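Atoms within a ligand are numbered from 1 in the order they appear, just like the ligands themselves. Since the model is a prediction, treat every value here as computed from it, not as a measurement. No hydrogens, no waters, no symmetry mates; every other heavy atom, side chains included, goes into these values.
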Amino acid sequence: MSASPFDAWITADDELTGLLAQEWARQTTTVQLIASENFTSPAVMAATGSILTNKYSEGYPGRRYYGGNQIVDEVEDLARRRLTALFGADHANVQPHSGANANVAVYQALLNPGDTILAMRLDQGGHLTHGSPASITSKIWRFVSYGVTPRSDDLENPGEVIDVENLRELALREKPKLIVAGATAYSRRIEPAIFREVADEVGALLMFDAAHPAGLIAGGSNPNPVPYADVVTFTTHKTLRGPRGGAILCREEHAKKIDSAVFPGQQGGPLEHAIAAKAVAFKEASLPSFSLYTDQIVTNSRAFGTALASEGFRLVSGGSDNHMLLLDLRDFDAELTGKEAQETLDRAGITTNRNQIPDDPRSPFVTSGLRVGTAAQTTAGMKEGEFAIIAALMARALRTRTDEASLAAVRADVAELCSGFNPYATFV
Ligand SMILES: Cc1ncc(COP(=O)(O)O)c(C=O)c1O
């Protein structure tokens with residue numbers, strides 16, 4: 001088994017080297033369809049593994065609580081400059097350790113405990129930090145949730161899109177202090193202008209959680225929320241193809257409060273090695289080749305949707321405008337749950353995650369849906385033709401899910417497909 005070339009320094013730790021070699025094999029011989037994952041560049045990985053991990057730098061450039069931060073200040077400033085330029089924002093905070101931290105920091109910065117937040121329903125696409133009972137957010141702030149329109153058989157207007165009337169009605173009735181746009185499982189375009197209009201009608205602040213489409217926005221393949229939102233949060237590791245982490249963009253008037261909420265409000269010392277890797281990713285995302293990449297992600301997602309629909313899967317919301325598709329498995333096979341589909345596809349070398357669909361009769365642990373995304377395999381160079389092959393392989397695996405020999409044959413076909421697509425070829 002060959003090891004990743006990036007792990008060469010871990011030579012003294014046989015146990016870990018062995019595990020990394022196994023994970024390298026998994027990532028390069030199976031298909032990665034988790035919508036929130038990607039393959040970062042070797043430069044991003046090198047920065048993540050750099051000597052900046054050795055430095056403590058609580059505070060912000062020019063205002064640190066420790067000595068020796070002259071170079072680190074420049075690194076963090078570079079990341080902030082590149083990020084504000086990339087999205088056309090007034091101010092950037094690149095310290096959040098994750099997307100969840102970024103969201104909680106914004107709530108902490110702009111709201112008082114008990115204030116009302118209007119966000120997307122969790123069972124219709126919203127994220128845990130949009131008010132899940134399991135999240136600290138729901139214990140501190142009062143959440144009200146908007147949803148999607150009902151499903152319709154009209155092909156021109158399939159429904160299951162953000163219900164703007166419901167959003168407006170709830171906003172007028174509940175008078176939220178903050179409206180959150182953005183989702184974790186929603187395949188359609190989210191129009192920031194509509195959210196701004198509703199927020200202005202009720203005097204609410206607007207936060208756009210761009211965790212998923214951040215890369216598509218940077219590449220110009222999805223609308224940029226920065227001109228409309230008071231604050232934009234996102235993760236750097238999904239379509240943006242950077243290291244694991246979060247970031248916040250905001251209007252100048254909120255900058256001080258946002259910075260104080262991240263540090264010292266939420267976090268201690270920033271991860272400057274991750275911030276350096278974010279800087280690398282922001283530069284990569286500013287290149288013309290990145291726009292070609294994000295356009296291809298969307299093209300692939302649409303082609304994947306067409307191919308999956310022809311195999312009998314129902315596409316929730318009728319299709320995709322981003323990197324993601326949500327499949328209703330019940331039309332394919334009424335007995336098939338999201339849990340069983342995910343586990344079967346794992347055995348066939350196709351990595352996905354189960355997900356609830358709107359009005360799902362099954363629990364979040366079992367579900368009737370599957371979420372798939374095209375960002376990672378597009379990085380590996382796959383195009384519409386390969387996604388049509390993956391759709392056929394998924395259907396074959398799920399139709400023959402009790403037959404281990406058939407699943408092994410699909411797994412071999414998947415490995416054969418992957419052998420022609422090195423995830424790092426794009427970067428060399
Ligand atoms: C919409 C949305 N917000 C926030 C997050 C949280 O990001 P993280 O997992 O980095 O905390 C996610 C992660 O999937 C997400 O989809």
Subject >> Residue pair His254 / Asp230, side-chain donor-acceptor N/O under 3.5 Å >> reply: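 Per modelled atom types, His254 and Asp230 side chains form a pair under 3.5 Å.
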**OP:** Say whether Ser320 and Arg188, considering side chains only, have a donor N or O and an acceptor N or O under 3.5 Å apart.
**Re:**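 Distance-only check fails for Ser320 and Arg188.
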**OP:** With sequence neighbours excluded, give me every side-chain hydrogen bond (donor to acceptor under 3.5 Å, both in side chains) pair touching residues 302-312.
**Re:**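 Qualifying pairs: Arg302-Asp321, Glu311-Arg399.
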**OP:** Give a yes/no verdict on a cation-pi contact between Arg81 and Phe282, requiring under 6.0 Å between NZ or CZ and the six-membered ring centre and an angle within 45° of the axis.
**Re:**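 Not flagged: Arg81 not positioned over aromatic ring of Phe282.
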Please list every donor-acceptor pair under 3.5 Å in which a side-chain atom of residues 180-187 meets a protein atom from a residue at least two apart or in another chain.
from   : atom 1 : to     : atom 2 : distance (Å)
Tyr186 : OH     : Ile162 : N      : 2.9
Ser187 : OG     : Gly319 : O      : 2.7

Subject >> Listed partners of Lys339 passing side chain to side chain contact (heavy atoms under 4.5 Å, CB included), at least two apart >> reply: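 Here the qualifying residues are Thr337, Glu343, Arg354, Phe365.
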So what's ligand 1 close to, N/O to N/O, under 3.5 Å?
from     : atom 1 : to     : atom 2 : distance (Å)
ligand 1 : 3 (N)  : Asp209 : OD1    : 3.3
ligand 1 : 3 (N)  : Asp209 : OD2    : 2.6
ligand 1 : 10 (O) : Gly99  : N      : 2.9
ligand 1 : 11 (O) : Ser98  : OG     : 3.3
ligand 1 : 11 (O) : Gly99  : N      : 3.4
ligand 1 : 11 (O) : Ala100 : N      : 2.9
ligand 1 : 14 (O) : Lys238 : NZ     : 3.1
ligand 1 : 16 (O) : Thr184 : OG1    : 2.6
ligand 1 : 16 (O) : His212 : NE2    : 3.3

